[in-house]
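Since the structure comes first, as structure tokens, the remarks are kept for the end.
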Protein chains: 2
Amino acid sequence: MTTIYDIAKKADVSPMTVSRVINNKGNISEKTRKKVEAVIKELNYIPNSAAQSLNIKKTKLLSLIITDITNPFFTKVARGATDKANQMGYQLILCNTDENHEKESDYINALISKRVDGVIIAPTGDPSIKNLKKLIKNRIPFTLIDRQIEDVSCDRVLGDNYEGTKLLLQHLIDYGHQRIAMVHGPLTISTSKERYQAYIETLKINDLNIDSSFLVQTHYKQEKQWNGIDYLVNLPSADRPTAIFAANNFIAIKLIKSLREKRIKVPEEIAVVCFDDLELFSDLDPFLTVSSQPAYDFGYIGTQLVIERVEDVSPTDYRTINLKPELVIRKSSGTPIKE
Amino acid sequence: MTTIYDIAKKADVSPMTVSRVINNKGNISEKTRKKVEAVIKELNYIPNSAAQSLNIKKTKLLSLIITDITNPFFTKVARGATDKANQMGYQLILCNTDENHEKESDYINALISKRVDGVIIAPTGDPSIKNLKKLIKNRIPFTLIDRQIEDVSCDRVLGDNYEGTKLLLQHLIDYGHQRIAMVHGPLTISTSKERYQAYIETLKINDLNIDSSFLVQTHYKQEKQWNGIDYLVNLPSADRPTAIFAANNFIAIKLIKSLREKRIKVPEEIAVVCFDDLELFSDLDPFLTVSSQPAYDFGYIGTQLVIERVEDVSPTDYRTINLKPELVIRKSSGTPIKE
DNA sequence: CTGTTAGCGCTTTCAC
DNA sequence: GTGAAAGCGCTAACAG
């Protein structure tokens with residue numbers, strides 16, 4: 001491996017001078033700069049960033065911690081994050097926690113060891129606070145995206161789960177639905193909790209009865225059991241809801257699949273709506289009625305905010321950016337119910 | 001930041017001893033080990049990997065270079081790659097080249113500077129060879145995935161584009177199609193070229209006429225122009241193909257959208273098939289007939305192969321793993337044509 | 001404008 | 001079983 005010493009010797013200058021031209025720092029005569037640059041090119045020299053990091057205490061490394069890159073929402077988040085990171089000269093380390101607090105903790109340790117400059121994280125849930133505290137203790141700035149954790153000093157990019165839920169439910173109610181079920185995720189995840197609370201609130205405002213058996217829980221992961229859904233799907237037809245609000249797109253897909261297996265038609269027999277779009281697929285077949293969130297922006301803005309902290313150009317007060325959902329009405333919510 | 005010196009002082013041993021317990025290396029009495037470990041825990045000490053890297057010349061950093069994480073094929077690849085990487089104690093840096101050779105080159109430079117231990121790369125195309133040579137010069141092992149580049153010393157995980165194409169076309173031909181068009185990507189990309197050649201071969205074997213106006217080119221990117229497709233779609237109905245083979249799923253989606261805009265029904269008026277599945281979506285609505293590739297394995301195995309090189313446990317001969325495609329027949333290829 | 005001297009936090013090497 | 005000295009490749013701080 002060639003080092004600044006090799007360059008220095010060959011260009012007949014001191015290593016420090018080489019360092020200066022690499023970093024474009026300090027004053028150097030045009031002549032020596034040219035000379036050094038020529039040797040650098042000739043030897044294909046590329047600085048060792050481990051050595052640099054050790055001195056300047058910056059790595060130009062960021063990390064994005066999400067639950068699963070395979071979830072279309074997070075796929076877009078990741079695209080936004082890498083775009084912003086690269087645009088600003090950073091590299092992005094990708095971590096999938098699978099909603100697992102342990103894994104999250106392991107990642108955080110690895111990232112601290114790597115001395116990443118900053119982290120963009122969609123935490124696994126409320127217990128993540130312990131992991132976030134660890135980042136703080138190590139002075140690694142982070143921005144929280146998508147999922148809220150209370151009482152942590154950091155920037156945030158959050159959606160509006162109340163608004164998104166209301167949009168969806170009001171749409172169903174306007175269509176005449178009175179028996180609306182909800183499949184939500186674990187209430188330790190802020191998005192779940194807020195959508196859950198908004199569900200209850202919205203039904204109340206509309207003087208609709210809240211049937212607790214219509215509120216079933218599942219998880220946010222892709223595989224495994226989906227017991228809450230099975231319950232709803234197996235209800236005798238007289239007891240069934242006329243519409244179901246799925247807390248996210250994974251759940252909606254699983255739900256619709258289950259309904260179809262039971263030969264229950266969507267939307268003819270049961271309308272289905274959910275949070276978060278499936279953009280590519282919606283291009284092919286605009287089917288799901290959704291509250292669509294600007295996933296790309298969560299990643300892009302989230303990354304921008306950490307970088308600003310890293311580079312110390314942020315206001316001292318932590319910021320919370322709120323990204324608005326948009327109701328996209330498609331087939332799965334059916335048509336207004338005729339009395 | 002706490003260092004081994006802090007630990008050493010507090011545990012009343014030398015820094016070297018601390019280093020030994022961190023790395024589980026050399027002989028240490030149980031007593032001092034316990035003592036040191038206690039202090040490490042107490043001070044929440046986490047080793048600085050920049051300093052470690054500088055000595056041992058390993059970073060435990062890998063990079064995945066793909067064209068676009070947003071493409072469902074690569075999303076799965078990324079999942080496979082991160083899974084394997086993390087399982088083996090590595091972190092994964094994600095890079096999106098957007099089929100852009102320049103961007104690829106910039107990434108490679110950045111990664112060399114970071115001294116990543118290895119790279120898993122789906123190159124942008126034949127000119128990528130220059131970038132790969134650069135990796136070789138810097139002794140960074142890599143595995144080529146999905147896209148072939150000839151005459152490079154490295155491991156490979158490739159699909160079988162001939163087989164996948166034949167499967168799809170034979171299926172259409174068996175259904176009675178004689179006028180089959182193809183929309184392919186740039187021929188500087190091996191997957192494009194191979195699918196293109198397989199198309200010609202398969203038609204020949206079946207004694208079908210090859211109409212060069214039925215062979216149109218587009219690109220592999222998501223946005224922008226799609227001129228090749230527009231041409232096909234605007235053909236007067238008498239001149240139209242009865243089936244179209246789209247070289248990948250992005251192209252198929254764009255194609256179907258364009259066809260629908262022209263009120264041409266798929267599959268009733270034109271059958272459509274393509275390479276690579278859209279798994280999540282197919283769950284919701286099994287529509288596209290595809291040659292499905294085990295995307296996850298490209299990432300997983302690709303990563304496994306580099307790690308083996310990095311850790312020097314590979315056979316000296318470079319390996320090529322071939323992953324087989326699978327024909328999944330669904331609605332978009334229609335039904336057999338009645339004469 | 002350029003060079004010298006330390007030292008970043010750790011590991012390697014060689015003593016003891 | 002443990003420690004001291006040197007050095008990984010680079011930059012900060014100072015000197016000239």
Side-chain angles (χ1 to χ4, degrees), chain A residues 1-37 39-40 43-61 109-117 138-140, chain B residues 1-37 39-40 43-61 109-117 138-140:
Chain A
M1 215 61 301
T2 97
T3 73
I4 46 171
Y5 282 86
D6 303 321
I7 306 293
K9 197 181 298 177
K10 192 143 191 174
D12 198 34
V13 294
S14 77
M16 197 52 227
T17 302
V18 178
S19 172
R20 285 196 182 93
V21 345
I22 290 167
N23 298 292
N24 249 307
K25 230 171 173 181
N27 294 324
I28 298 190
S29 73
E30 203 47 36
K31 205 181 109 205
T32 51
R33 142 164 286 118
K34 290 271 183 242
K35 193 171 53 176
V36 172
E37 275 168 351
V39 179
I40 287 177
L43 268 50
N44 285 302
Y45 169 74
I46 297 181
N48 178 328
S49 60
Q52 291 181 137
S53 301
L54 205 49
N55 282 288
I56 63 178
K57 278 128 180 42
K58 292 281 174 229
T59 55
K60 291 278 176 185
L61 237 33
N109 284 338
L111 297 173
I112 291 174
S113 176
K114 290 274 176 306
R115 300 295 193 265
V116 296
D117 290 341
N138 284 275
R139 310 186 158 287
I140 297 179
Chain B
M1 215 62 298
T2 96
T3 73
I4 45 172
Y5 283 86
D6 303 322
I7 307 294
K9 197 181 298 174
K10 193 144 190 172
D12 197 33
V13 294
S14 77
M16 196 51 231
T17 303
V18 178
S19 173
R20 286 198 180 91
V21 344
I22 289 168
N23 298 293
N24 249 308
K25 231 171 172 179
N27 293 325
I28 297 189
S29 72
E30 203 47 36
K31 205 180 108 206
T32 51
R33 141 164 288 115
K34 290 271 181 239
K35 191 171 55 175
V36 172
E37 275 168 352
V39 179
I40 286 177
L43 266 51
N44 285 302
Y45 168 75
I46 297 181
N48 179 330
S49 60
Q52 293 180 137
S53 301
L54 204 51
N55 283 288
I56 63 178
K57 278 125 181 44
K58 293 278 175 231
T59 55
K60 290 280 177 182
L61 237 32
N109 284 338
L111 297 173
I112 292 174
S113 177
K114 290 274 177 303
R115 298 296 193 265
V116 296
D117 290 340
N138 285 276
R139 310 186 158 289
I140 297 179

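Chain identifiers are assigned alphabetically (A, B, ...) following the order of the sequence lines, protein sequences preceding nucleic acid strands; residue numbering begins at 1 within each chain. In what follows, every heavy atom counts, from backbone to side chain, and hydrogens, waters and symmetry copies are set aside.
For the pair A:Met16 CE and D:dA13 P, the interatomic distance rounds to 11 Å; values are reported in whole Å. In this structure, A:Leu54 atom CG and D:dT11 atom P are separated by 11 Å, rounded to whole Å. Across the protein-nucleic acid pair, A:Lys31 atom NZ and C:dT2 atom C1' stand 12 Å apart, rounded to whole Å. The nearest whole Å value for the distance from the NZ atom in B:Lys9 to the P atom in D:dA4 is 14 Å. Summarising the geometry, the separation between CD on A:Gln52 and C1' on D:dC8 is reported as 14 Å, rounded to the nearest angstrom. Between A:Asn138 atom CG and C:dG9 atom P the separation is 14 Å, expressed in whole Å. Spacing between atom CG of A:Asn23 and atom P of D:dC10 amounts to 10 Å, rounded to whole angstrom units. Distance CG (A:Asp12) to C1' (C:dT2): 12 Å, rounded to an integer number of Å.
Rounded to the nearest 0.5 Å, atoms NZ (A:Lys58) and CD (A:Gln52) are 14.0 Å apart. Here the CD1-CG distance, from B:Ile112 to A:Asn48, works out to 12.0 Å after rounding to the nearest 0.5 Å. Once rounded to the nearest 0.5 Å, the distance linking CG of B:Leu111 with CG of B:Leu61 reads 8.5 Å.
Of the residues near DNA chain C, A:Tyr5 and A:Ser29, the one whose nearest nucleotide (by heavy atom distance) lies more toward the 5' end is A:Ser29. Both B:Arg33 and B:Lys57 lie close to DNA chain D; mapped to their nearest nucleotides by heavy-atom distance, the more 5′-ward contact belongs to B:Arg33. Residue B:Ile28 is the one, among B:Ile28 and B:Ala51, whose nearest nucleotide of DNA chain D lies closer to the 5' end (criterion: closest heavy atom).
Residue A:Thr3 places none of its side-chain N or O atoms closer than 4.0 Å to OP1 or OP2 of D:dC8. The shortest distance between the side-chain N/O atoms of A:Thr32 and the OP1/OP2 oxygens of C:dC1 is not below 4.0 Å. Residue B:Ser19 places none of its side-chain N or O atoms closer than 4.0 Å to OP1 or OP2 of C:dC10.
Contacts of A:Asn48 with the nucleic acid, taken as non-hydrogen atoms under 4.0 Å apart, involve only primed sugar atoms and P, OP1 or OP2. Residue B:Ser53 is out of contact with every strand shown, counting any heavy-atom pair closer than 4.0 Å. Nucleic acid contact for A:Pro15: none, since no nucleic acid atom lies under 4.0 Å from a heavy atom of the residue. B:Ile4 comes within 4.0 angstrom of a base, heavy atoms only.
In this structure, A:Ile46 and A:Thr2 have side chains that are not in contact, with every pair of non-hydrogen atoms separated by 4.5 Å or more.
Closest contact between the side chain of A:Ser14 and the listed nucleotides C:dG3, D:dG9, D:dC8 involves C:dG3. Which of D:dA12, C:dC10, D:dC10 sits closest to the side chain of A:Lys25 comes down to D:dA12.
Within 3.5 Å, a donor on the side chain of B:Arg20 pairs with an acceptor on the base of D:dG3, or the reverse. B:Arg115 contributes no side-chain N or O that forms a donor-acceptor pair with the base of D:dG9 under 3.5 Å. Not a single donor-acceptor pair, N or O on each side, falls under 3.5 Å between the base of C:dC1 and the side chain of A:Asn27.
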**Report entry** side chain to side chain donor-acceptor pair (under 3.5 Å) between A:Asn24 and A:Arg33, worked out
**Finding:** CA-CA 10 Å; A:Asn24 249 307; A:Arg33 142 164 286 118; 3.1 Å; yes

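The minimum heavy-atom distance between B:Asp6 and B:Thr3, with the atom names listed, is OD2-N, 2.7 Å.
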